[in-house]
Amino acid sequence: MRIFLAGIMQGSFIEMKLHSQEYRTRLKELLECCIPDAEVYDPFANHQNSVNYTDEVGKRVFLGHNYLCREMDVILAFVPEASMGTAIEMWEGNQNGAVVVTVTPLQTNWAVKFLSHRLYDSIDALEMDVRSGEFAQFVTETRKILTENRKNG
């Protein structure tokens, strides 16, 4: 199961800084611990200094990650507040057959609600489903439906 770990980085900051990325470690460890076939891609792992990239490098990394979302089985998005980059990753995954699962308090936001196949209000709630096997079962069943729908046009 290929999982793209999407989530807020710059958010609405005007200055060149990042939101805390500690959630990524917790989510990656949780997924790898509880889902034996999980291949978790964390776009921040190899780009921790991305706010200091030149425009050329930044654009290549940004677009590359968005294109990568087209190849994933799951987009797991952490959206504690609006995040345009994460919304694009969710869009790319959604439009290309990935199951989009979002952890967010923004459950009435149309982009979040309509691009997600499942919403969680906290990482703790997601963790319960991951540990119980509910998350993996939901992903498997939803992928099957999405694949069938894509075949049938």
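For H117 (side chain) and V99 (main-chain N/O), no donor-acceptor pair under 3.5 Å exists by modelled atom type. A donor-acceptor distance shorter than 3.5 angstrom exists from the side chain of R2 to the backbone of E71, with no hydrogens or angles considered. The backbone N or O of L5 sits nowhere less than 3.5 Å from a side-chain atom of D42 that would complete a donor-acceptor pair. Between the side chain of S116 and the backbone N or O of L119, no donor-acceptor pair lies under 3.5 Å. Side chain of T104 to main chain of Q107: no donor-acceptor pair is present (N/O by atom type, distance under 3.5 Å, no hydrogens or angles). The main-chain N or O of G7 is found under 3.5 Å from a side-chain atom of R24 such that the two form a donor-acceptor pair. A donor-acceptor pair is defined here as one N or O able to donate and one able to accept, closer than 3.5 Å; no such pair exists between the side chain of R143 and the backbone of M1. In this structure, the side chain of S83 does not engage the main chain of V79 through any donor-acceptor pair within 3.5 Å. Between the side chain of N96 and the main chain of E92, a donor-acceptor pair closer than 3.5 Å is present.
Between F4 and the options L68, V100, L76, V74, a side-chain contact (heavy atoms from CB on, under 4.5 Å) holds for only L68.
Minimum interatomic distance between P105 and P80 (heavy atoms only, all atoms of both residues): CG-O, 3.5 Å. Minimum heavy-atom separation, D129 to S132: O-OG, 3.2 Å. Smallest separation of non-hydrogen atoms from G85 and N66: O-OD1, 4.3 Å. Contact between V130 and C34 at its shortest, heavy atoms only, is CG1-CB, 3.6 Å.
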Using the salt bridge (charged side-chain N to carboxylate O under 4.0 Å, His left out) rule, take R26 and E22 through it: C-alpha gap first, then chi angles, then the decisive distance, then the call.
CA-CA 7 Å; R26 179 176 176 191; E22 291 176 9; over 6 Å; no
Going through the checks in order, is the salt bridge (charged side-chain N to carboxylate O under 4.0 Å, His left out) test met by R118 and E134?
CA-CA 12 Å; R118 180 164 282 181; E134 165 60 29; 2.9 Å; yes
Take F135 and L31 through the side chain to side chain contact (heavy atoms under 4.5 Å, CB included) test and state the conclusion after the steps.
CA-CA 10 Å; F135 176 85; L31 295 165; 4.1 Å; yes
List the steps, then state whether salt bridge (charged side-chain N to carboxylate O under 4.0 Å, His left out) holds for E148 with K144.
CA-CA 6 Å; E148 197 59 37; K144 190 182 294 185; over 6 Å; no
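By the neighbour-count criterion of 12 heavy atoms within 6.0 Å, atom NZ of K113 is densely surrounded, having more than that number from other residues, nucleotides or ligands.
In summary, the aromatic rings of H65 and Y41 are positioned with their centroids under 6.0 Å apart.
Taking OG of S122 as the reference point, atom CD of E127 lies at 9.5 Å (rounded to 0.5 Å). Residue D73 holds its CG atom at 8.5 Å from OG1 of T147, rounded to the nearest 0.5 Å. Note that CD of Q95 and SG of C69 are 12.5 Å apart. Values are rounded to the nearest 0.5 Å. Distance CD1/I88 to CZ/F62: 4.0 Å, rounded to 0.5 Å. Atom CG of L27 is separated from atom CD1 of I3 by 10.0 Å, given to the nearest 0.5 angstrom. With values rounded to the nearest 0.5 angstrom, T86 atom OG1 is found 10.5 Å from M84 atom CE.
For Y120, there are no ring pair (Phe, Tyr, Trp, His ring centres under 6.0 Å) partners, not counting sequence neighbours.
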